Undergrad: 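Pasting a structure below so you can have a look.
Worth knowing before you read on, the calculation uses all heavy atoms, side chains too, and leaves out hydrogens, waters and symmetry mates. Every value quoted in this text rests on a predicted model; they were computed, and no experiment measured them.
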Amino acid sequence: MRPINEVHLAEPGPAMVEIAACDDRTAAEWPAHFVAFDLLRLGGTDTTPWSYRRRRAALLDVFAEQGLAAPWALCPSTPPRQKL
């Protein structure tokens, strides 16, 4: 499996360079976090046909295998509401 933080970006244009300079200051003041609550693709596989329970288990495995911690966060899960 490819590391979760491996990202491929195109060469930045002038506007992106200006934004990046601002982003460095902004990131220090207001750090961002990534909160995951579902897993839609895994290793090139579309997981949307899977049950939520299976996707959630796979997401928990990804967090455990990759040793993800802040700024990565796993959103708590609640069981489905019972039909009244």
Side-chain angles (χ1 to χ4, degrees):
M1 181 186 293
R2 202 166 63 174
I4 197 95
N5 61 353
E6 184 178 314
V7 178
H8 300 281
L9 299 174
E11 285 294 319
M16 288 303 293
V17 171
E18 184 178 327
I19 290 170
C22 177
D23 284 350
D24 288 342
R25 291 187 305 273
T26 303
E29 194 171 340
W30 295 297
H33 294 268
F34 179 86
V35 180
F37 60 92
D38 201 348
L39 185 68
L40 305 179
R41 284 191 84 66
L42 178 62
T45 301
D46 177 10
T47 63
T48 57
W50 298 2
S51 68
Y52 175 73
R53 190 173 299 221
R54 182 176 174 194
R55 290 192 319 269
R56 182 67 183 192
L59 180 60
L60 291 170
D61 288 345
V62 167
F63 265 73
E65 290 169 7
Q66 298 289 330
L68 297 176
W72 299 89
L74 186 57
C75 184
S77 179
T78 57
R81 257 177 68 175
Q82 298 297 321
K83 292 184 180 180
L84 298 176

Undergrad: Given side chains that start at C-beta, do those of R56 and L74 come closer than 4.5 Å, heavy atoms only?
TA: yes
Undergrad: Return the set of residues passing side chain to side chain contact (heavy atoms under 4.5 Å, CB included) with A58 (not counting sequence neighbours), or none when no residue passes.
TA: L39, L42, W50
Undergrad: Answer yes or no: does atom CZ of F37 have more than 12 heavy-atom neighbours from other residues, nucleotides or ligands under 6.0 Å?
TA: no
Undergrad: Could you tell me the separation between the CZ atom of R55 and the CG atom of L40, rounded to the nearest 0.5 Å?
TA: 6.5 Å
Undergrad: Any non-hydrogen side-chain atom of R41 less than 4.5 Å from a side-chain atom of D46?
TA: yes
Undergrad: With rounding to the nearest 0.5 Å, note down the distance linking OH in Y52 to CG in L59.
TA: 7.5 Å
Undergrad: Any chance you could measure L60, atom CG, to E65, atom CD, to the nearest 0.5 Å?
TA: 11.0 Å
